[in-house]
Protein chains: 2
Amino acid sequence: MEQIEQMKQIKQDGLKKLTEKSRLLSQCSLFQGIEPVVINEMLNCLEPKSCRYKKNDTIALAGEPFESIGVLLKGEALVIKETAAGHRSMMALLRPGDLFGEIVVFSKNSAWPATVIAQEESQALFISRRKLTGQCEQSCTWHRTIIENMLRIISEKAMMLNKKVEYLTIKSMRGKLSTFFLEQHRKAGTTTFRLPMKRNELADFLNVSRPSMSREMARMREEGLIDFHLETVRIINAEALRDMGE
Amino acid sequence: MEQIEQMKQIKQDGLKKLTEKSRLLSQCSLFQGIEPVVINEMLNCLEPKSCRYKKNDTIALAGEPFESIGVLLKGEALVIKETAAGHRSMMALLRPGDLFGEIVVFSKNSAWPATVIAQEESQALFISRRKLTGQCEQSCTWHRTIIENMLRIISEKAMMLNKKVEYLTIKSMRGKLSTFFLEQHRKAGTTTFRLPMKRNELADFLNVSRPSMSREMARMREEGLIDFHLETVRIINAEALRDMGE
DNA sequence: AAAAATCGGTAGCCATGGCTACCGAAACGT
DNA sequence: ACGTTTCGGTAGCCATGGCTACCGATTTTT
């Protein structure tokens with residue numbers, strides 16, 4: 001009798017786990033717009049590999065061949081790029097629900113371009129490229145959704161990179177700042193707006209040094225182009241800023 | 001009798017045109033791996049809009065909403081980015097078979113990010129996003145191929161942009177050159193290789209000025225890191241180069 | 001073959017911006 | 001409330017690299 005109760009418990013735990021997993025996945029951009037219940041069915045068809053990692057374990061190693069997209073389910077992981085000299089630079093911090101390897105899965109060159117390392121005890125899911133595009137006989141409805149999601153995700157990544165290239169291509173400090181401020185202004189719709197990043201992060205985004213950036217912002221204030229205090233920026237002479245954009 | 005002959009002729013001309021179009025499309029990355037004959041069938045289902053343009057006509061205008069991917073069939077077109085100041089910069093030159101708008105079709109923000117202008121008498125094909133992902137009842141086989149192509153195309157674009165960002169992020173001249181030379185070396189497999197671009201283009205790619213680049217290359221030669229003559233470059237001290245990569 | 005255009009190398013000038021160092025203010029942790 | 005950390009501003013030094021100008025070589029045009 002006790003045994004039966006125990007088994008029921010195990011089964012319940014299993015179900016709870018499954019629903020927890022699909023609930024987590026329903027938050028993930030790859031499964032956007034799909035009900036957790038449906039995700040459960042899909043997983044049977046997608047046959048994902050689930051892997052657990054301890055702290056400092058290597059989840060993916062740059063250069064290794066691969067054919068799967070990764071989803072971080074639990075924990076925290078770092079995406080790291082190593083230069084030939086062995087110098088490491090952090091590229092991204094992954095949190096539960098984040099994808100990795102999404103750019104590379106569908107390109108010809110199927111080797112991890114970066115290394116992913118678990119920062120704490122983590123769990124990741126890998127879905128193979130074939131399962132993702134492959135049409136299983138039944139339930140093609142959600143398959144279509146997942147492919148549309150995939151297309152959207154990669155497109156948005158490309159758009160983001162494109163924007164980044166635009167900023168990096170601008171040579172002068174003032175040009176970068178002007179372009180950035182005007183973009184924020186356009187987004188906010190008001191002449192006064194708040195910067196979405198700290199100075200350090202902004203300098204990093206524009207690929208300039210923080211002190212040099214502050215210096216230039218001060219100059220622009222002196223010249224009556226903008227005014228600012230901490231995160232708050234007000235555009236005074238929009239025309240002049242526009243003339244700086246390259 | 002004569003009328004019948006005439007009609008036959010017209011029909012033949014139509015067929016010739018169709019096969020010419022599909023022959024052209026079979027060269028296009030979007031239809032890679034699909035037989036021209038099959039492409040003909042597909043076109044019925046994809047319902048592309050075909051448009052003709054005269055020289056200097058606007059094929060697509062930045063900011064305008066859109067939902068279609070473009071294929072240049074005939075002629076030549078420029079992709080142009082206009083800054084707020086009205087300053088124009090060329091982004092790409094399109095030739096027959098080239099796609100445009102491929103990054104944006106599947107992103108949420110569906111507005112042309114750049115302007116496309118015909119440089120000569122041209123013809124372009126537009127295929128709507130829905131038709132591209134939509135599954136028509138029959139012939140899902142090639143539909144799958146076209147979606148896989150689409151995924152590959154966007155992924156590769158993202159990879160390319162990613163690589164570009166990597167180069168642009170390197171701050172020092174020497175770092176950029178070292179990284180570039182090492183990459184060429186890796187690709188070629190030999191210590192001596194030929195540069196795939198002219199100096200002007202390389203300087204442009206690395207986002208530096210041509211004379212400064214030449215100067216730095218000369219210095220690197222003096223220091224015994226590399227040797228070069230025109231397009232031919234030989235790596236002498238690979239280790240030292242590696243240490244420069246940021 | 002002459003003229004023009006393109007291409008690559010070199011030199012000198014100097015503006016831009018990176019870097020270190022330091023300071024005060026704010027935010028955070030305990 | 002206190003110490004600690006993070007954040008932003010400022011200053012001075014000077015290396016990096018942009019820019020113009022010029023030259024010779026090669027290629028293309030006519």
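These numbers come from a predicted model, not from an experiment.
Picking from C/dA21, D/dC7, C/dG9 the nucleotide with the shortest atom distance to the side chain of A/N200 gives D/dC7. Distances from the side chain of B/R199 to the nucleotides D/dT10, D/dG9, C/dG8 place C/dG8 closest. Among the nucleotides D/dA21, D/dA11, D/dG17, the one closest to any side-chain atom of A/P211 is D/dA11. For B/S212, whose side chain is taken as the heavy atoms from C-beta onward, the closest listed nucleotide among C/dG17, D/dT20, D/dG18 is D/dG18.
Contact between the side-chain N/O atoms of A/S214 and the OP1/OP2 oxygens of D/dT10 is not found at any separation under 4.0 Å. Put simply, A/S209 has no side-chain N or O that comes within less than 4.0 Å of OP1 or OP2 on C/dG17. In this model, the phosphate group of C/dG17 is not approached by any side-chain N or O of A/R215 to a distance below 4.0 Å at OP1 or OP2.
If you measure from atom CG of B/D204 to atom P of D/dG17, you get 17 Å, rounded to the nearest angstrom. Protein atom NE2 of A/H229 is 10 Å distant from nucleotide atom C1' of C/dA25, rounded to whole Å. B/E201 places its CD atom 13 Å from the C1' atom of C/dG8, with the value rounded to the nearest Å. The nearest whole Å value for the distance from the CD atom in B/E216 to the P atom in C/dG8 is 18 Å. Atom NZ of A/K171 is separated from atom C1' of D/dT16 by 14 Å (rounded to the nearest Å). Look at CE on A/M213: it is 12 Å from P on D/dT10, rounded to the nearest Å. If you take NZ of B/K176 and C1' of D/dT16, they are 12 Å apart, rounded to a whole angstrom. One can place CD1 of B/I170 at 16 Å from C1' of D/dT16, the figure rounded to the nearest angstrom.
With DNA chain C read from its 5' end, the first of the two nearest nucleotides for B/K198 and A/M173 is the one closest to B/K198. Nearer the 5' end of DNA chain C, as judged by each residue's closest nucleotide, is the contact made by A/R210, out of A/L230 and A/R210.
Results of the salt bridge (charged side-chain N to carboxylate O under 4.0 Å, His left out) test with B/E183 over B/K163, B/R242, B/K176 single out B/K163 as the only residue that passes.
Ion pair A/E216/A/R219 flagged as a salt bridge, since at least one NZ, NE, NH1 or NH2 atom sits closer than 4.0 Å to an Asp/Glu carboxylate oxygen.
In this structure, CD on B/Q119 lies 7.5 Å from CG on B/L93, to the nearest 0.5 angstrom.
Ring planes of B/F100 and B/F126: perpendicular class, angle over 60° (limits at 30 and 60°).
For the pair B/V165 and A/V165, the minimum side-chain heavy-atom distance is below 4.5 Å.
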